[in-house]
Amino acid sequence: MSELVHYEVRDRVAVLTIDNPPVNALGPGVWEAIDEAVARASADGAADAIVLVGAGSTFIAGADINVFKLLKTPQDSMDRSAGTHALLVRWEDAPKPLVAAIHGNALGGGLEVAMSCHYRVAAKDAKVGQPEVNLGIIPGAAGTQRLPRLAGAATAIAMCTDGKPVAAAKAKAAGIVDEVVDGDLLTGAIAFAKARAAAGERRQTREIGFDADAKAAGLAACEKARASLRPEPRAPHAAIDAIQAALTLPFDQGSVRERELFAERVVSTESKALRHLFFAEREAARVADVKKDTPTVEIKRAAVVGAGTMGGGIAMSYANAGIPVLLKEVDDAALQRGLATIRKNYEGSVAKGRLTPEAYERTMALITPTTSYDGFDAVDIVVEAVFENMDLKQRTFADLGRVTRPDCVLASNTSTLDIDVFAQASGRPAQVVGHHFFSPANVMKLLEIVRGKETSASVVASSVKLGKKLAKVPVVVGNCFGFVANRMLAYYMREAYLLLEEGAPVEQVDRVLMDFGLPVGPFGMQDIAGIDVGARIRQYLASVGQTRAEGPQSEVPDRLFEMGRYGQKTGAGWYRYEPGSRERIPDPLVEQLAAEAAAKRGIARRKVGDDEILARIATALANEGARVLEDGFAQRASDIDVIYCYGFGFPRHRGGPMFYADTVGLPTVLARVREYRARFGDYWKPAPLLERMVAEGRRLYQD
Ligand code: 3HC
Ligand code: NAI
């Protein structure tokens, strides 16, 4: 018998245990091994029923995602999936009750395998889902055909288009799971299987039909769901098409339609982009010279200094992860302000039903307010989030060096300052690291871990581990101005400002970027974040003779700042806002400021095409990204993609700015940089790495 599926008979039930660590993905050989085991159990006179269970921490996390890159054409996919579909039908035809015992996750192909069993029994904390859309594909092993039969079209549409897993209790209510087991799962599943065998029951999902009402409701749900989707990404549309086929065609024909739709999606750029990000996110946590066995500090207690916008959100992130946190402020008034904001945030979650009142109390109790350093000698980490001021940060780090234990991690949430300077002030530079959270820190998932000159490997490794515990996506970056995210953003914004001066209204620039897939364009985003934030950074840089991004500095954002137009919080910024509304209303004043700025710089304003807007902004990002990479501030191109997708909402289905550059073609990107240099000036310098890669005919990513 295969190593991938273990076989034993317990109490006249054949127990088939899939054992393919770490997540029992349906990789090469696993399908075949299950098939062999089901056949053996079917013929085994010592077994009256069969239970399929996963070894380790989970049932099956889905098909092996690595395999999809082997499918070069839709036909490759069609050929392969025919066999898979046939296997599932064969298992469904097993002569004895076949029960899936689900713990951990049954995702994608995992749920599809479970649905081809006659029954599903789940542990209380198990989850089931069809997350394929997150990879730019649709369920490809008849999930779109079996799920609507079990749970109805509306539930199937929701699960296959948003990709979110469903908890066991909800899955039972929906008809996906037959029983939720409170105690030992395998014991419960064996008992369940024996009872079905005794009653002579076997239920084949594929035999479940739709009556006329269910069919009509299902078709209406398909239409409604289609109307709510953006044109791209395409995978959710394809999932609905496949579910519609389940409603209108016999099972076999519906399955063929699903295979065709899957085949089209799996070779798409959208799917390649999303699969790239799946692995990129996990790769980002690895640091070349920090070995896997590097000792890490377990963070059991934390402290945050500063309870402002960021400090409050950071304290919430710790509390949400169950880590007790001291929250320090300068005085009681500031502390109460910070706590009031935290409470308001949690109360909002309670009101929306996302948090129970008990969980709110429990979580809030983990945050201990203070105005002194008492208790700092007991914490494993301190995150500094005081004002962005070098003197203040240096003083704070000197204090932290005195009041904490030598092994305490000292993290700073600075967005622009040189962490090596306050690392020295602490007297313990090896313990100092940047933990750059994004606003709102309790919501945004990106965490840039900034490695200083002397940051120890153990502090880096501990930070990565902690980042995951805080439910963040940690990416290790180098210590340059703006680190990776804000350094790239400076070029993104520079181009947006210059396009505005040249004649593209803010609403056109924003619309183009939103059509591309961003949730909000550059100007709308700045109205949310605050025009004052960038203006103050520019003021500071000007005082030390620097600029954020090479090239002409538009005066328009600074003029808005001078007028007190900071964005949504002041009712006006790049747009106007009616009281209490976030609707962006174009303001002729901004056009006037842009025209004045253009006149001063001798620019003849013109009509700028949508294509040029996208090309200029995407090229600025890719060119600067190549420099960040070559300078070693990002370890790999894919880290930049992860950062920009999680930090600024770059559309995931485009794979991130570097992946997108590869899609456009590096020779085209370079040709654009050269063209812009000729048109606009020498500040458009091709990144040497980009030039070299084009000269050598290389791409950033291989297919
Ligand atoms: N295929 C290949 N590798 C996978 C995988 C999969 N389906 N799922 C997880 N892995 C790998 C990860 O890359 C990671 O590898 P690494 O240690 O080398 O980085 C390792 O397994 C552990 O994964 P995580 O770090 O993500 O572990 P977590 O415990 O945080 O999360 C999980 C577990 C929730 C199962 C998460 O891994 C996950 O969401 N996996 C993907 C689930 C998915 O998308 N399934 C659908 C696949 S497509 C499909 O099934 C098509 C079908 O319809 C035919
Ligand atoms: P903020 O002004 O909202 O809060 C700073 C808080 O620090 C204030 O409440 C202040 O009273 C407190 N403080 C000052 N000195 C202190 C001391 N000695 N001890 C305890 N508390 C003290 O500022 P914000 O926006 O929270 O920024 C904090 C840090 O986070 C800055 O370094 C900033 O650059 C960085 N950051 C800000 C982001 C944002 O979007 N606001 C995003 C990412 C990083």
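Every number for a ligand or one of its atoms is a count from 1 in the order of the listing.
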Checklist entry - Phe483 and Phe633: aromatic ring centres closer than 6.0 Å? => result no
Checklist entry - How does Arg286 reach ligand 1, if at all, at less than 4.0 Å between non-hydrogen atoms: by side chain, backbone, both, or neither? => result side chain
Item to check | Residues Thr370 and Lys328: side-chain donor-acceptor under 3.5 angstrom | outcome: no
Checklist entry - What atoms in ligand 2 come closer than 4.0 Å to a heavy atom of Gly306? => result 7 (O), 12 (C), 20 (C), 21 (N)
Next on the checklist: Below 4.0 Å from ligand 2: does a non-hydrogen atom of Phe438 turn up there or not?
Outcome noted: no
Item to check | Electrostatic pair Lys445:Glu281 at N-O distance under 4.0 angstrom | outcome: no
Checklist entry - Strictly by modelled atom types, are Ser638 and Glu283 linked by a side-chain donor-acceptor pair under 3.5 Å? => result no
Item to check | Which residue and heavy atom of the protein sit nearest atom 4 (O) of ligand 2, plus the separation | outcome: Gly308 CA, 3.3 Å
Item to check | Nearest-contact summary for atom 7 (N) of ligand 1 - protein heavy atom, Å | outcome: Ala63 O, 2.8 Å
Next on the checklist: Looking only at protein heavy atoms, which one is nearest to atom 30 (O) of ligand 2, and what is the separation?
Outcome noted: Asn413 ND2, 2.9 Å
Checklist entry - Which bit of Leu417 gets closer than 4.0 Å to ligand 2, counting heavy atoms only: side chain, backbone, both or neither? => result neither
Checklist entry - Does ligand 2 have an atom that lies less than 4.0 angstrom from a heavy atom of Arg395? => result no
Item to check | salt bridge (Lys or Arg N to Asp or Glu O under 4.0 Å) assessment of Arg536 paired with Asp532 | outcome: CA-CA 6 Å; Arg536 292 212 166 89; Asp532 50 324; 3.6 Å; yes
Next on the checklist: Under 4.0 Å, counting heavy atoms only: does Phe262 come that close to any atom of ligand 1?
Outcome noted: no
Item to check | Side-chain donor-acceptor contact under 3.5 Å, Asn66 with Asp64 | outcome: yes
Checklist entry - Would you call Asn486 and His436 a side-chain contact if the rule is heavy atoms closer than 4.5 Å? => result yes
Item to check | From CA spacing to verdict: side chain to side chain donor-acceptor pair (under 3.5 Å), Arg337, Thr341 | outcome: CA-CA 6 Å; Arg337 267 198 309 277; Thr341 308; over 6 Å; no
Checklist entry - Below 4.0 Å from any atom of ligand 1, is there a heavy atom belonging to Lys127? => result no
Checklist entry - Of all the non-hydrogen atoms in the protein, which one sits nearest to atom 43 (C) of ligand 2, and at what distance? => result Phe437 O, 3.3 Å
Next on the checklist: Residue-level breakdown please: for Lys393 versus ligand 2, do any non-hydrogen atoms fall below 4.0 Å on the side chain, on the backbone, on both, or on neither?
Outcome noted: side chain
Item to check | Contact atoms of ligand 2, heavy-atom distance to Ser439 under 4.0 Å | outcome: 40 (O)
Item to check | Donor on one side chain, acceptor on other, Asp19 and Asn24, under 3.5 Å | outcome: no
Next on the checklist: Is it the case that the side chains of Arg259 and Ser81 hold a donor-acceptor pair, with the cut-off being a distance below 3.5 Å and no angle test?
Outcome noted: yes
Item to check | Nearest-contact summary for atom 2 (O) of ligand 2 - protein heavy atom, Å | outcome: Phe387 CE2, 3.2 Å
Checklist entry - Can a protein heavy atom be found under 4.0 Å away from atom 27 (O) of ligand 1? => result no
Checklist entry - Can a non-hydrogen atom of Pro22 be found less than 4.0 Å from any atom of ligand 1? => result yes
Next on the checklist: Evaluate Thr396 for polar contact with ligand 2, using N/O atom pairs at a separation under 3.5 Å.
Outcome noted: no
Next on the checklist: Under 4.0 Å from atom 31 (O) of ligand 1, can you find at least one protein heavy atom?
Outcome noted: no
Item to check | Flag: protein heavy atom within less than 4.0 Å of atom 23 (O) of ligand 2 | outcome: no
Next on the checklist: With no hydrogens and no angle check, just 3.5 Å: does a side-chain donor-acceptor pair link Glu384 and Ser412?
Outcome noted: yes
Next on the checklist: Could you check whether Tyr701 and His276 have their ring centres less than 6.0 Å apart?
Outcome noted: yes
Next on the checklist: Is it the case that the side chains of Asp420 and Gln424 hold a donor-acceptor pair, with the cut-off being a distance below 3.5 Å and no angle test?
Outcome noted: no
Checklist entry - Please state which protein non-hydrogen atom is closest to atom 25 (O) of ligand 2 and give its distance, to 0.1 Å? => result Thr309 CB, 3.7 Å
Checklist entry - If you measure from atom 5 (C) of ligand 2 to every heavy atom of Ser415, Ala385, Pro440, which option wins on shortest distance? => result Ala385
Checklist outcome for this item: In this structure, atom 19 (N) of ligand 2 is nearest to the protein heavy atom Lys328 NZ, 3.3 Å
Checklist entry - Considering only heavy atoms, which of Met310, His436, Arg536, Met444 lies nearest to atom 26 (O) of ligand 2? => result Met310
Checklist entry - Nearest protein heavy-atom contact for atom 35 (C) of ligand 1: which residue, which atom, what distance? => result Ala61 CB, 3.5 Å
Next on the checklist: Side chain, backbone, both or neither: which applies to Glu112 and ligand 1 if a contact is any heavy-atom pair less than 4.0 Å apart?
Outcome noted: side chain
Checklist entry - How about atom 43 (C) of ligand 1: does it have a protein heavy atom within less than 4.0 Å? => result yes
Checklist outcome for this item: Heavy-atom proximity to atom 31 (C) of ligand 2, picking from Thr414, Val386, Ile314, points to Val386
Item to check | Ligand-side contact atoms (ligand 1) for residue partner Gly62, heavy atom cut-off under 4.0 Å | outcome: 50 (O)
Checklist outcome for this item: Nearest non-hydrogen protein atom to atom 8 (C) of ligand 2, with distance, is Glu329 OE2, 3.4 Å
Checklist entry - Heavy atom of Asn134 under 4.0 Å from ligand 1? => result no
Next on the checklist: Checking a contact table here: which protein heavy atom is nearest atom 17 (C) of ligand 2, and how many Å away?
Outcome noted: Val330 CG1, 3.6 Å
Item to check | Heavy atom of protein inside 4.0 Å of atom 15 (O) of ligand 1, strictly below | outcome: no
Next on the checklist: Show the atoms of ligand 1 that are less than 4.0 angstrom away from any heavy atom in Pro139.
Outcome noted: 53 (O)
